[in-house]
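Please read these numbers as outputs of a predicted model, since none were measured by experiment. Both backbone and side-chain heavy atoms feed into the values below; hydrogens, waters and symmetry mates do not. If you read the sequence from its start, that first residue is 1, and numbering goes on from there.
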Amino acid sequence: MDGLLKESQLMGSRLSPQDTLEKRLGSLQKQREAVKYRLKALSARQSEITKKSWEIRESIIQKYQEIQSVLKEDLRITLSHLEMEERAAVSALDVLMERNCCLIQELEQDLARFSLALNQADTEPDTMVKSSEIIVMDLLDQSDPSSVKLDESKANQILGLTNSMLLLVCSQTPLMKKLLKSYSSEVNLDPETAHPKLLVSRDGDRVAFTDTWQQLPDLPERFDTTLNVISSQGFVCGRHYWEIEVTGKTYWELGVTYPTIPRKGTSEDCWLGRGHDSWCVEFFNGEYTAWHGGLPHQLPFTKHFGRIGVLCSFPAGLVTFLEADKMTPLFTFCAGTFSKCLHLAVCPGHDHKGNNLNPIVICNASSPTSDL
């Protein structure tokens, strides 16, 4: 057996250049077909995702339209009941007003007769006056304006029910808030990665700038030039959401990063978003900028947001930044497939002439991490 194997190897080593080229050509052709097949599969998957996304969007739009239709019909019915009450009240007042107008006409006629009788020394004026007074008093009693009113009790009930419905809708919207909150993941900042001019809280939930250089061990993982600190936890799958409080700050950077981000020296890649290992949104001098791979994207916002949401989705391959209160999207990076685990990364910025001393605070939610 060993002899036959050696003989086969010798024959293989004796292949002519032509045979070697043909063998190599055949191998390349197989590789080309494999890549073509994969390209076809990727294209089919792209079409499938586009179709599925369109179907989901259409279903959501239809549900919103159905909700609007239900509310519109309920509003129509409610207003029709109120309009019926209004018509009834107005009609009742019309009747009373008409009776008063008729009585005025009768009184005008009585006045004319009374004047005539007075001129003719008629002996019946007292009887005429007494009769008119009785009629007038009866009508005034029957036509009291306050006797005709809307059903205020029912109106208050309707207002109460509509207010309850509004509170219910508000409690469920924006829908994305409840959904993203379900992806909340506990994170703590790692003090061993923090620049020496950063103060990290004992619980690792906040960080602030200090003008004093702290004498800390020069660990390989510590940033020594950029004012960065990253989370102890890294994530490799699922969906993860964090909210960060930045109220009162004039300069900050928030994002996610691979652990391979450079941490030493003055290289641009050490800054969040300046290299290909991190993604971030920066706020400085009233302007928002999204960064990745050194490419800036100016954002059309000027409001000083107090809380920023960061969503990292491994299935979708995206990093999204939001204004957390109303879930307003600020910017989304379509990163494709993440090649390493991701860490939350923050930079509270320098003191900015004494206007940026507030800490960055991570608002860890109590809900469990979701790997949906």
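- For Thr50 (side chain) and Gln46 (main-chain N/O), a donor-acceptor pair under 3.5 Å exists by modelled atom type.
- Between the side chain of Asn163 and the backbone N or O of Leu159 there is no donor-acceptor pair closer than 3.5 Å.
- When atom types are taken as modelled, the side chain of Ser43 and the backbone of Lys40 share no donor-acceptor pair closer than 3.5 angstrom.
- Surrounding CD of Gln298 are more than 12 heavy atoms belonging to other residues, nucleotides or ligands, all under 6.0 Å away.
- Closest approach of Met327 to Pro174, counting heavy atoms only: CG-CG, 3.9 Å.
- Closest approach of Cys341 to Val236, counting heavy atoms only: CB-CG1, 3.2 Å.
- Between Thr193 and Arg263, the shortest heavy-atom contact is CG2-NH1, 3.6 Å.
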Residue pair Glu253, Trp291: steps toward the side-chain contact (heavy atoms from CB on, under 4.5 Å) verdict: CA-CA 10 Å; Glu253 294 179 12; Trp291 289 89; over 6 Å; no
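- Ion pairing of Arg45 with Glu48 is present here, as a side-chain N (NZ or NE/NH1/NH2) and a carboxylate O approach within less than 4.0 Å.
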ring-ring contact (aromatic ring centres under 6.0 Å, His included) assessment of Tyr258 paired with Trp279: CA-CA 9 Å; Tyr258 291 142; Trp279 298 256; 5.4 Å; yes
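- Residues Glu243 and Lys181 are in side-chain contact: their nearest non-hydrogen atoms beyond the backbone lie under 4.5 Å apart.
- Between Lys303 and Glu323, no side-chain nitrogen of the basic residue sits less than 4.0 Å from a carboxylate oxygen of the acidic one, so the salt-bridge criterion is not met.
- Going from atom OG1 of Thr289 over to atom CG of Leu330 covers 11.5 Å, rounded to the nearest 0.5 Å.
- At distances below 3.5 Å, not a single donor-acceptor pair connects side-chain atoms of Lys249 with backbone N or O atoms of Pro359.
- Within a 6.0 Å sphere centred on NZ of Lys326, other residues, nucleotides and ligands contribute 12 heavy atoms or fewer.
- When the shell of 6.0 Å around NZ of Lys264 is examined, it contains more than 12 heavy atoms from other residues, nucleotides or ligands.
- When every heavy atom of Gln172 is checked against every heavy atom of Leu175, the shortest pair comes out as O-CD2, 3.1 Å.
- Of all the heavy atoms in Asn228 and Trp271, the pair that sits closest is ND2-CA, 4.4 Å.
- The aromatic rings of His240 and Phe235 sit tilted, their planes meeting at an angle between 30° and 60°.
- No option in Val281, Thr332, Val310, Leu180 other than Leu180 meets the side-chain contact (heavy atoms from CB on, under 4.5 Å) test with Leu322.
- A side-chain N or O of Glu245 and one of Thr247 form a donor-acceptor pair less than 3.5 Å apart.
- Counting heavy atoms from C-beta on, the side chains of Arg57 and Ser53 come closer than 4.5 Å.
- Between Asp211 and Lys197 there is a salt bridge, since at least one side-chain N of the basic residue sits less than 4.0 Å from a carboxylate O of the acidic one.
- Between the side chains of Gln62 and Glu66, at least one donor N or O lies within less than 3.5 Å of an accepting N or O.
- Ion pairing of Glu33 with Lys30 is absent here, as no side-chain N (NZ or NE/NH1/NH2) approaches a carboxylate O to less than 4.0 Å.
- Judged purely by atom type and a 3.5 angstrom limit, Arg222 uses its side chain to pair as donor or acceptor with the backbone of Ala194.
- Counting only distance, with no hydrogens or angles, the side chain of Thr162 and the backbone of Ile158 share a donor-acceptor pair below 3.5 Å.
- Going from atom CZ of Phe209 over to atom CG of Leu198 covers 8.0 Å, rounded to the nearest 0.5 Å.
- With values rounded to the nearest 0.5 angstrom, Thr257 atom OG1 is found 13.0 Å from His276 atom NE2.
- Atom CZ of Phe284 has more than 12 neighbouring heavy atoms from other residues, nucleotides or ligands inside a 6.0 Å radius.
- Going from atom CG of Asn358 over to atom OG1 of Thr250 covers 9.0 Å, rounded to the nearest 0.5 Å.
- Judged by distance alone, with hydrogens and angles left aside, the side-chain atoms of Glu85 form a donor-acceptor pair with the main-chain N or O of Asp151 at under 3.5 Å.
- The closest donor-acceptor contact from the side chain of Asn356 to the backbone of Pro348 lies under 3.5 Å.
- At least one donor-acceptor pair under 3.5 Å links the side chain of His292 to the backbone N or O of Ser278.
- Between Leu342 and Cys312, some side-chain heavy-atom pair lies under the 4.5 Å cut-off.
- Classification of Arg274 and Glu282 as a salt-bridged pair holds, one side-chain N sitting under 4.0 Å from a carboxylate O.
- A donor-acceptor pair is defined here as one N or O able to donate and one able to accept, closer than 3.5 Å; such a pair exists between the side chain of Ser164 and the backbone of Gly160.
- Side chains of Met97 and Asn100 form no contact here, defined as non-hydrogen atoms less than 4.5 Å apart.
- Around the CD atom of Glu98, the shell of radius 6.0 Å holds no more than 12 heavy atoms that belong to other residues, nucleotides or ligands.
- Taking CG of Leu254 as the start and CZ of Phe283 as the end, the distance is 11.5 Å to the nearest 0.5 Å.
- Heavy atoms only, all atoms of each residue included: His343 and Gln233 are closest at ND1-O, 3.0 Å.
- If you check the side chains of Gln31 and Ser27, you find a donor sitting under 3.5 Å from an acceptor.
- The environment of CH2 in Trp54 is sparse: at most 12 heavy-atom neighbours from other residues, nucleotides or ligands sit within 6.0 Å.
- The distance from atom CG of Asp190 to atom OG of Ser231, rounded to the nearest 0.5 Å, is 8.0 Å.
- A side-chain N or O of Thr260 and one of Asp277 form a donor-acceptor pair less than 3.5 Å apart.
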From CA spacing to verdict: ring-ring contact (aromatic ring centres under 6.0 Å, His included), Tyr288, Phe321: CA-CA 11 Å; Tyr288 293 87; Phe321 297 89; over 10 Å; no
